[in-house]
Protein chains: 2
Amino acid sequence: MTATEITDTEITDWESRRPKRADARRNYDAVVEAARAAFARDGVDTSIDEIARSAGVGNATLYRHFPTRDELIAVALAENMAAVHKRGAELAETEEPLVALREWLLATIAQIGTYGGLPDSVLDAAGREGSLLGVTCTHMQETTQALLARAQEAGEIRADVRMDELFDLAAGIAWVISRDSAADTTRAGRLLDLALVGLIARQT
Amino acid sequence: MTATEITDTEITDWESRRPKRADARRNYDAVVEAARAAFARDGVDTSIDEIARSAGVGNATLYRHFPTRDELIAVALAENMAAVHKRGAELAETEEPLVALREWLLATIAQIGTYGGLPDSVLDAAGREGSLLGVTCTHMQETTQALLARAQEAGEIRADVRMDELFDLAAGIAWVISRDSAADTTRAGRLLDLALVGLIARQT
DNA sequence: ACCTGAACACCGTTCAAGT
DNA sequence: ACCTGAACACCGTTCAAGT
């Protein structure tokens, strides 16, 4: 797999999920907006009923649109995810291999660490079939694979590093970041750089 | 802080919590054992009521002994924690600084990653006052600090690495490990080594 | 001193009844 | 086609009543 295989397909696919009828669409959007606020404040494990309540909608209406919690999470993230993914494609074309990989990982960490508990949901959904969040996860992994391979072909990243290991480290950092709302991108960058450069002192 | 400051104080303190009366002690032990089994199978967020049920005890009895979930977790881990902590003190005396630090981090990761959801509980309890699990966490951080300082004084670990950063990385790896029961110590060691040595390729 | 069952408020999920 | 309130089973926590 090479960097050129990064595509935009299916990324905006979720738009097709929005209902056509006006009242339904209004409810749908209200739920997504309420979910974003609730997730940001209390994490992705917050009460579904309360999201429905604060959206001014019956809980069963929420379930009609989003049968599983994962779908609600995936849709709440979708817009930002599209931006991140687009950025990944750009990076592969404009930046040096190592810089591109680093920037991509940072964006990925920020995305996965957006809400408390999100890293768990992402990895839970990773393998599961028919999971909207799982599709999102797969996309991130494919881009990670492409940018990793590019950096390895350029001899800038150790050849023995596997994508899933890199993704695990990124997910771990995202988990740490997502745990306190105080932690900013700076901290994520610091932890990522530690892992990239290594903790062991070099003889100079 | 130096390596010699590692002590065993308060580690076996939890023993004083065991009730003196025979029937109470029997219930107490049954709850702890049931909790270990339940945590191992379903993670630390499993139902308290079910633990009580499988221990053959009323749920309120469980709450009498363990008013918070954290206390139950802390006691369930206590024996093993004592062993890990003892190992930390040994390592500081018998092993080379870098080896000692690595072994310690591996033991810490294994301990924090024992149960699903445990990394979350540990970091939640980290700062909280009066938390038994928080005390455990503080102990681990003190030992980490001591072994890190030792390795830095020997010039084997970069001088700019802070303890909390190292602990964050270890906790992140523990979180990844705790997420699938299939992952063994080998994987933890691999991820730890990646972070120690770094991902960037070296010119030879 | 210790245990218990019941009570309370909450949540996720489903479903029959409505427009 | 879409929405709703109610119902069901579950959980964490507390408390009055027991020995």
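Just so it is clear: chains get the letters A, B, ... in the order the sequence lines come, proteins before strands, and each one is counted from 1.
Note: CG (B:Leu72) to P (D:dT13) measures 12 Å, nearest angstrom. The distance between atom CG of B:Asp70 and atom P of D:dT13, rounded to the nearest whole Å, is 11 Å. In this structure, the CZ atom of B:Arg17 is 13 Å from the P atom of C:dC2, given to the nearest Å. The distance from atom CG of A:Asp29 to atom P of D:dC3 is 12 Å, rounded to the nearest whole Å. The CG-P distance, from B:Leu62 to C:dC2, rounds to 15 Å in whole Å. Whole-Å rounding puts the B:Arg18 CZ to C:dC2 P distance at 13 Å. The nearest whole Å value for the distance from the CG atom in B:Asn27 to the P atom in D:dT19 is 17 Å. Atom CZ of B:Arg53 is separated from atom P of C:dG5 by 12 Å (rounded to the nearest Å).
The phosphate of C:dC11 (OP1 or OP2) has no side-chain N or O of A:Arg69 nearer than 4.0 angstrom. Within the structure, a side-chain polar atom (N or O) of A:Ser47 is placed less than 4.0 Å from OP1 or OP2 of C:dG12. Note on B:His65: every side-chain N or O is 4.0 Å or more away from OP1 and OP2 of C:dC2. In this model, the phosphate group of D:dT4 is not approached by any side-chain N or O of A:Asn59 to a distance below 4.0 Å at OP1 or OP2.
Residue whose closest nucleotide on DNA chain C sits further toward the 5' end, between A:Asp49 and A:Ala60: A:Asp49.
Closest to the side chain of A:Tyr63, out of D:dG12, C:dT13, C:dT4, is C:dT13. Comparing C:dC3, D:dC2, D:dT4 against the side chain of A:Arg21 picks out D:dC2 as the nearest. Comparing D:dT14, D:dC2, C:dT4 against the side chain of A:Arg64 picks out D:dC2 as the nearest. The side chain of A:Glu50 has C:dC11 as its nearest neighbour among D:dC3, C:dC11, C:dC3.
When each of B:Lys20, B:Arg21, B:Arg26 is tested with B:Asp23 by the rule salt bridge (charged side-chain N to carboxylate O under 4.0 Å, His left out), just one qualifies, namely B:Arg21.
Using Watson-Crick or G-U wobble geometry with both donor-acceptor distances under 3.5 Å, C:dC10 finds no partner in any strand shown. Nucleotide D:dC15 forms a Watson-Crick or G-U wobble pair with C:dG5, both donor-acceptor distances falling under 3.5 Å.
With B:Arg187 contributing its side chain and B:Ile177 its backbone, the two residues share no donor-acceptor pair below 3.5 Å.
A salt bridge links B:Glu79 with B:Arg36: the distance from a Lys NZ or Arg NE/NH1/NH2 to an Asp or Glu carboxylate oxygen falls below 4.0 Å. Contact check on A:Asp168 versus B:Arg179 returns no salt bridge, with no Lys/Arg side-chain nitrogen under 4.0 Å from an Asp/Glu carboxylate oxygen. Using a 4.0 Å cut-off between charged side-chain N and carboxylate O, A:Arg87 and A:Glu103 make a salt bridge.
Using a 4.0 Å heavy-atom cutoff across all strands shown, B:Thr68 reaches no nucleic acid atom at all. Heavy atoms of A:Asp23 sit under 4.0 angstrom from primed sugar atoms or phosphate atoms, though from no base atom.
Ring geometry for B:Trp175 versus A:Trp175: interplanar angle under 30°, hence parallel rather than tilted (30 to 60°).
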